Every structure is written in C-alpha cells, then in structure tokens.
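Below you'll find the structure, written out as structure tokens, and then a few comments.
As the structure is a prediction and not an experimental result, all values here were calculated from the model.
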Amino acid sequence: MTKNFALATLALLVFAPLAMAAQQTGAAAGATPTAMAYGLAAIGAGIALIGGGIGIGLVGKGAVEAIARQPEAGGAIGQNMIIAAGLIEGATLVGALVGLLVVLIK
C-alpha cells in the first residue's frame with residue numbers, strides 16, 4: 001500500500017509540473033504546448049488512477065485473506081479496510097483532480 005501511494009504521489013509530483021512547464025515553455029517537434037500539457041496531464045492522472053486501483057485491490061486482497069484466517073476478527077478488519085480504501089481513494093482523486101486542473105486552468 002505504501003508503494004502504491006508513493007507511486008501515485010510521484011506521478012502527481014512529476015507529471016503535473018511537467019505539464020505546466022510544457023504549457024508555458026513552447027512546442028517541441030510539432031506539438032503545441034497546449035496539446036503537450038494535455039497529454040502529460042492525462043498521463044499523470046492516469047498513473048494516479050492506476051496506482052489507486054492497485055492499492056485498493058491490494059487492501060481488499062489483504063482483508064479477505066485476513067478474514068479467512070481469523071473469521072472472528074472480520075468486523076474490525078472490515079472497518080480498517082474501509083478506512084484504508086478511503087484514504088487511497090482520496091489520494092487518487094487528488095491526482096485526477098490535479099490532471100483536470102492542468103487541463104482546465106490556462
């Protein structure tokens with residue numbers, strides 16, 4: 001989970017400024033700055049979403065395995081799983097939101 005969060009944060013920190021810089025600096029080899037910024041923003045948002053999806057999947061997998069091993073602890077494990085999935089989803093939405101802001105703010 002920490003690895004996926006780190007990947008999502010890295011994508012957020014790397015691709016969003018690159019997209020903003022590409023929009024401000026100019027064209028490279030026929031691509032307009034705006035098109036390049038949109039592309040980089042889409043890539044960054046996509047990587048953030050993929051990282052979030054992988055993170056939520058790993059949380060669900062871990063919870064199901066833990067409940068299978070100790071069925072009596074299922075309630076507590078389920079609550080912790082929901083909290084962790086919510087945190088991962090929040091980080092993912094921030095990544096997607098930054099990608100949208102890069103595209104929408106000029």
Side-chain angles (χ1 to χ4, degrees):
M1 182 170 83
T2 303
K3 182 178 176 184
N4 291 325
F5 181 74
L7 285 174
T9 304
L10 179 68
L12 181 72
L13 293 176
V14 170
F15 288 113
L18 283 177
M20 289 179 195
Q23 190 174 16
Q24 294 174 352
T25 57
T32 64
T34 305
M36 194 172 197
Y38 290 166
L40 289 174
I43 289 170
I47 289 174
L49 292 174
I50 289 171
I54 291 171
I56 290 175
L58 289 175
V59 166
K61 173 186 173 264
V64 168
E65 287 176 355
I67 291 172
R69 275 182 278 157
Q70 290 185 320
E72 66 274 358
I77 292 170
Q79 288 175 350
N80 289 328
M81 179 191 75
I82 297 285
I83 291 170
L87 291 173
I88 292 168
E89 189 171 319
T92 303
L93 287 176
V94 168
L97 184 65
V98 168
L100 275 174
L101 288 176
V102 167
V103 171
L104 296 177
I105 294 176
K106 295 180 181 179

Apart from Val64 itself, what residues make up its hydrophobic cluster when side-chain heavy atoms of I, L, V, M, F, W and Y under 4.5 Å apart count as a link, directly or indirectly? none
Show which residues join Leu87 in its hydrophobic cluster (side-chain heavy-atom contacts under 4.5 Å, direct or indirect), or state none. Ile83
Same hydrophobic cluster for Met81 and Ile88, using side-chain heavy-atom links shorter than 4.5 Å among ILVMFWY? yes
Closest heavy-atom pair and its distance - Ala45, Ala96: CB-CA, 4.1 Å
Salt bridge (Lys or Arg N to Asp or Glu O under 4.0 Å) involving Glu65 - partner list, sequence neighbours excluded: Lys61
Which distance, rounded to the nearest 0.5 Å, do you find between the CD1 of Ile77 and the CG of Asn80? 8.0 Å
Heavy-atom closest pair, residues Val102 and Ala41: CG1-CB, 3.7 Å
Let me check something: do Leu40 and Leu49 share a hydrophobic cluster, defined by ILVMFWY side-chain heavy atoms less than 4.5 Å apart, either directly or through other members? no
Atom CD1 of Ile43 and atom OH of Tyr38: how far apart are they, to the nearest 0.5 Å? 15.0 Å
Show the nearest heavy-atom pair for residues Ile67 and Gly74, with the distance to one decimal. CG1-CA, 3.8 Å
